[in-house]
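A short worksheet on the structure shown next.
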Amino acid sequence: MVSITETCRDLSELTADAQLACRLLFQECAKEGIDDIFLTETYRPQGRQNYLYEQGRTRLFDAAGKKLSKVTWTKLSNHTSRRAWDIAVAPPKQLYDLNTLKRVGAIAKKLGITWGGYWPASQYDAPHFEIPVNWKAPAGYKLEGTVFVPSNSKLRVQLIVNDKGQAVVGVNDGKLYRVQSGTFATQAQANAAKAALGKHNIANPDYVRVMQAGDKWRFITGTYQTQAVANNAILAMKQRSILTYAEPIPA
């Protein structure tokens, strides 16, 4: 259940079309070298939208007595219909670095995705993206591989393309890396971890192998373009309690 006071950053909470649109947006951003953006919110129940609307209007101060500013102009947001998401920009840039958001907004326009940065001043919302009810991917655009959509500033956007040797789109150091997990007591536990990688968009389960290691089991992912990217994937796994130990290994 989504709380009215906490943000939901789970991409799977959006409609299937919105999930595709968001992944396409992050894919095209990755291809343009924009890899420092991340999700800050996806689905909002109406109760949370009302709660945010009240901030700076009827709810003027927080628990510490600090004056609150308005954060939304409407009670009718497509966040509540699961067709909108917000993003931010990772350090060292500002959280809502306008140059970056403008670049993302221009890419969104090509994909038929609405960017709040094109709205009038009274509704201007640069971190906001949404799709109409009848949205379809424009001709010539499709998912080209596994798109990792980060939900925090410590991770980077990744596009991994399977092409016989699982070649990777993006800058790399001339080497490819896989992630090898620590061991699980049973094959079922390893398979559950494999499924979790796909649920959280860390790795495509189709490219993850579960294999026996003595009397235990482990998984090995498909390739990542650099050791740093592999380490980012490991961090994401740990943050989601998919595993406690893993290591990057040369492909």
Side-chain angles (χ1 to χ4, degrees), residues 8-43 82-90 100-101 103-113 115 127 129-131 135-172 176-179 194-208 221-226 228-237 239-240 242 251:
C8 171
R9 301 187 181 192
D10 188 347
L11 186 58
S12 67
E13 288 287 346
L14 299 181
T15 67
D17 283 344
Q19 290 180 48
L20 174 58
C22 184
R23 287 196 175 95
L24 278 175
L25 178 62
F26 274 70
Q27 169 183 279
E28 297 306 305
C29 285
K31 290 162 65 175
E32 293 294 326
I34 307 170
D35 68 349
D36 55 353
I37 56 175
F38 62 99
L39 287 178
T40 57
E41 189 156 19
T42 55
Y43 168 61
R82 302 177 187 269
R83 291 185 286 112
W85 61 94
D86 294 335
I87 72 169
V89 185
T100 300
L101 293 178
R103 292 179 65 195
V104 179
I107 294 171
K109 187 175 182 179
K110 295 177 183 179
L111 295 170
I113 297 169
W115 177 42
F129 296 82
E130 64 179 54
I131 59 168
W135 180 88
K136 298 294 180 187
Y141 289 99
K142 65 178 181 178
L143 291 179
E144 300 172 12
T146 300
V147 182
F148 176 54
V149 179
S151 58
N152 69 66
S153 63
K154 295 180 180 179
L155 305 176
R156 290 294 182 264
V157 183
Q158 301 167 35
L159 170 58
I160 303 174
V161 179
N162 182 39
D163 182 15
K164 295 184 179 179
Q166 289 187 330
V168 178
V169 173
V171 177
N172 65 67
L176 298 177
Y177 294 85
R178 303 182 190 278
V179 170
K194 171 182 175 178
L197 297 180
K199 177 183 177 182
H200 294 290
N201 206 28
I202 297 170
N204 187 330
D206 293 340
Y207 307 153
V208 178
T221 68
T223 52
Y224 294 89
Q225 63 264 45
T226 68
V229 173
N231 283 331
N232 279 342
I234 291 171
L235 178 61
M237 295 174 200
Q239 289 175 333
R240 291 164 175 79
I242 296 172

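Values below: all heavy atoms of this structure, side chains included; hydrogens, waters and symmetry mates excluded.
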Verdict with supporting geometry, Thr15 and Asp17, side-chain hydrogen bond (donor to acceptor under 3.5 Å, both in side chains): CA-CA 5 Å; Thr15 67; Asp17 283 344; 5.6 Å; no
Intermediate values then yes/no, side chain to side chain contact (heavy atoms under 4.5 Å, CB included), Tyr177 and Asn231: CA-CA 10 Å; Tyr177 294 85; Asn231 283 331; over 6 Å; no
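The side-chain heavy atoms of Ile242 and Ile202, taken from C-beta on, include a pair separated by under 4.5 Å. Side-chain contact check for Trp135 versus Leu20: some heavy-atom pair is nearer than 4.5 Å. A 4.5 Å side-chain heavy-atom check between Leu39 and Phe26 finds at least one atom pair inside the cut-off. At least one side-chain heavy atom of Ile37 sits less than 4.5 Å from a side-chain heavy atom of Cys29. Contact check for Asp35 versus Leu159: no side-chain heavy atoms found under the 4.5 Å cut-off. Residues Phe129 and Val104 form a side-chain contact, since some pair of their non-hydrogen atoms from C-beta on lies under 4.5 Å apart. Between Trp85 and Ile113 the shortest side-chain heavy-atom distance falls below 4.5 Å.
Not a single salt bridge (charged side-chain N to carboxylate O under 4.0 Å, His left out) links Arg156 to another residue, sequence neighbours left out. The side-chain hydrogen bond (donor to acceptor under 3.5 Å, both in side chains) check on Asp36 picks up Lys93, with sequence neighbours excluded. Partners of Arg82 under the side-chain hydrogen bond (donor to acceptor under 3.5 Å, both in side chains) rule, at least two apart in sequence or in another chain, are Glu13. Remark: Ser153 pairs with no residue by the side-chain hydrogen bond (donor to acceptor under 3.5 Å, both in side chains) rule, at least two apart or across chains. With sequence neighbours excluded, the residues that form a side-chain hydrogen bond (donor to acceptor under 3.5 Å, both in side chains) with Asp86 are Arg44, His79, His128. Looking at residues two or more places apart in sequence or on another chain, you find a side-chain contact (heavy atoms from CB on, under 4.5 Å) between Leu235 and Lys154, Leu155, Gln239.
Arg9 places a side-chain N or O within donor-acceptor distance of the main-chain N or O of Thr40, the cut-off being under 3.5 Å. Glu130 places no side-chain N or O within donor-acceptor distance of the main-chain N or O of Arg83, the cut-off being under 3.5 Å. Panel note: side chain Thr42, backbone Leu11; no donor-acceptor pair is recorded below 3.5 Å. Under the 3.5 Å distance criterion, the side-chain polar atoms of Gln158 are left unmatched by any main-chain donor or acceptor of Pro150.
Distance check: Thr221 OG1 to Ile234 CD1 gives 8.5 Å after rounding to the nearest 0.5 Å. The distance from atom CD of Glu144 to atom CG of Leu24, rounded to the nearest 0.5 Å, is 8.5 Å. Of the inter-residue distances, the one linking Glu28 atom CD with Tyr141 atom OH reads 5.5 Å to the nearest 0.5 angstrom. Rounded to the nearest 0.5 Å, atoms CG (Leu111) and NZ (Lys136) are 15.0 Å apart. Atom CZ of Phe38 sits about 9.0 Å away from atom CD1 of Ile87, to the nearest 0.5 Å. We find the CD-CG distance between Gln19 and Asp10 to be 8.0 Å, quoted to the nearest 0.5 Å.
Between Arg103 and Glu32, the shortest heavy-atom contact is NH2-O, 3.1 Å. Between Gly112 and Pro138 the shortest heavy-atom distance is N-CG, 4.3 Å.
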